[in-house]
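Comments concern the structure below.
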Protein chains: 2
Amino acid sequence: MSEQLFPYTADMPRLVPRLDEQESAAWLALVSLLELLPSALDSQLQRDSELTHFEFAVLSMLKFAGEPIRMSELAAATSATLPRLSHVVSRLQRRELVEKVASETDRRATDVVLTDAGRRILVRATPGHIALVRRAVIDSLSREQLEQLTAIADSITNALDPDRRFAALVDGGLETRALRARSSTT
Amino acid sequence: MSEQLFPYTADMPRLVPRLDEQESAAWLALVSLLELLPSALDSQLQRDSELTHFEFAVLSMLKFAGEPIRMSELAAATSATLPRLSHVVSRLQRRELVEKVASETDRRATDVVLTDAGRRILVRATPGHIALVRRAVIDSLSREQLEQLTAIADSITNALDPDRRFAALVDGGLETRALRARSSTT
DNA sequence: TGCCTATGGTTGACGCAACAACTAAATGGA
DNA sequence: TCCATTTAGTTGTTGCGTCAACCATAGGCA
């Protein structure tokens with residue numbers, strides 16, 4: 001009788017140990033999540049606000065920062081590559097949701113700011129988005145599971161990006177900036 | 001002093017409650033994961049085996065099943081839409097990694113099987129892929145966290161797809177089939 | 001039998017992302 | 001000062017995914 005039960009436990013050269021049943025279950029569950037959740041986010045935002053989830057994240061970060069941000073900083077904050085961000089920001093600029101400003105301190109650099117229109121779109125898009133996030137994620141989990149999820153996701157992203165090149169910058173760079181920008185307008 | 005700390009706690013119409021700090025942390029961590037993990041999987045597989053992660057999943061499911069599978073069944077098993085799968089299977093067919101067979105019982109339906117070449121590619125691609133999955137996910141987590149992850153991911157996918165239209169079919173459809181197919185060749 | 005709807009799947013157009021190649025400006029020596 | 005290297009960002013190409021439209025068959029049911 002064969003022991004070959006799950007796809008990822010299938011026979012293969014044994015340089016790397018196969019996944020046991022528990023590991024396999026966790027991985028398959030995660031893979032399903034990786035397929036389903038992003039499309040759900042994109043289609044809700046696209047339908048209701050003509051934004052991709054990534055565009056929404058970019059606008060959110062800009063609003064959070066409250067002042068112009070370097071492209072490279074924004075890329076790190078959204079876990080994206082610079083080419084990707086560049087294309088997205090160009091599109092958002094064409095729609096007049098953001099503005100590009102040449103940096104004065106470094107003439108290679110580009111800073112990005114949210115326009116008023118961008119802010120309006122974002123504010124309008126947010127409730128529906130949060131509703132989905134709640135329905136799909138937050139409300140399906142207990143408080144304990146929320147903490148577990150945070151720890152688990154952090155472990156994985158840390159393994160994928162040990163140098164924190166794509167770290168969310170919420171603490172560190174952006175956060176202190178955001179507070180500064182905010183207090184200066186108070 | 002403003003309490004506006006995280007993007008998702010930003011002010012907005014209050015029809016839907018904002019995320020508190022714990023919810024926000026979990027969500028941001030998950031979003032980073034959703035950006036980083038898929039690209040890591042795709043780029044490893046692409047580099048080493050000229051496969052996307054989704055193509056790998058399709059081939060895996062076919063190997064697991066051990067016999068021709070309905071397109072629609074395969075779509076559910078891989079959490080994909082039928083158009084997406086159709087395109088992918090056509091590409092895989094062009095590369096002679098899978099074969100399409102007209103079903104005899106239902107003349108609208110298409111069944112898909114792994115070719116020998118497809119099996120070889122898959123076997124060659126698997127160790128490197130598993131190595132990444134281990135390095136990034138499995139080995140970063142404790143046994144307890146693996147169980148937590150399974151439960152959490154299942155809750156979320158269940159909320160996103162309550163009718164289980166995109167359920168992995170590992171138990172139920174495919175599993176029993178796979179066992180049957182396997183015992184018939186013993 | 002004939003129709004009507006539902007199901008299974010394919011196709012083409014369009015939009016977004018990855019990758020590589022490129023320009024321009026800054027930095028760090030010799 | 002001059003050159004080499006690194007950093008910041010943009011652009012073009014190519015490939016994949018989504019969506020809508022479509023065709024063909026199956027399954028009621030009158």
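Below, chains carry the letters A, B, ... as their sequence lines are ordered, and counting in each starts from 1.
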Go through residues 104-111 of chain B and report each residue with a non-hydrogen atom lying under 4.0 Å from DNA chain D, sorted by number.
-> B:D106, B:R107, B:R108

Which atom of B:N158 lies closest to which atom of B:R164, heavy atoms considered = OD1-NH2, 3.5 Å

Whole angstrom value for the distance that separates C1' of D:dC16 from CZ of B:F56 | 19 Å

Rounded to the nearest angstrom, tell me the gap between atom CZ in A:R94 and atom C1' in D:dT11.
-> 11 Å

Rounding to a whole Å, what distance do you find between B:L92:CG and D:dG15:P?
-> 15 Å

Compare all side-chain heavy atoms of B:E50 with those of B:R95 and state whether any distance is below 4.5 angstrom.
-> yes

Presence of B:S72 side-chain N/O under 4.0 Å of C:dG9 phosphate oxygens OP1/OP2 | yes

Would a 4.5 Å heavy-atom cut-off, applied to side chains only, mark B:Q46 and B:L51 as touching?
-> no

Report yes if the side chains of A:Q148 and A:Q145 come closer than 4.5 Å at any heavy-atom pair, otherwise no.
-> yes

Can you check side chain to side chain contact (heavy atoms under 4.5 Å, CB included) on A:D139 and A:R135, steps first, answer last?
-> CA-CA 6 Å; A:D139 293 347; A:R135 189 159 48 70; 5.6 Å; no

Once you round it to whole Å, what is the distance between P of D:dT18 and NE2 of A:H53?
-> 16 Å

Is A:L82 linked to A:L74 within one hydrophobic cluster, defined over Ile, Leu, Val, Met, Phe, Trp and Tyr using a side-chain heavy-atom separation of less than 4.5 Å?
-> yes

Could you state the atom-to-atom distance from CG of B:D42 to C1' of D:dG17 in whole Å?
-> 12 Å

To the nearest Å, give me how far apart CG (A:L82) and C1' (D:dT10) are.
-> 9 Å

Under 4.0 Å: is that the gap between some side-chain N or O of B:K100 and OP1 or OP2 of C:dT10?
-> yes

Side-chain contact test, heavy atoms from C-beta onward, threshold under 4.5 Å: evaluate it for A:S60 versus A:L122 and give yes or no.
-> yes

Does atom CD of B:E99 have more than 12 heavy-atom neighbours, drawn from other residues, nucleotides or ligands, at distances under 6.0 Å?
-> no

Reading 5' to 3' through nucleotides 12-21 of chain C, protein heavy-atom contacts under 4.0 Å coded B for base, S for sugar-phosphate only, - for none = B---SSBBB-

Any side-chain donor paired with an acceptor under 3.5 Å for A:R124 and A:S49?
-> no

Nearest-Å distance, CD (B:E50) to P (D:dG15)?
-> 11 Å

Starting at atom CG of B:L51, determine the distance to atom C1' of D:dG15, rounded to an integer number of angstrom.
-> 14 Å

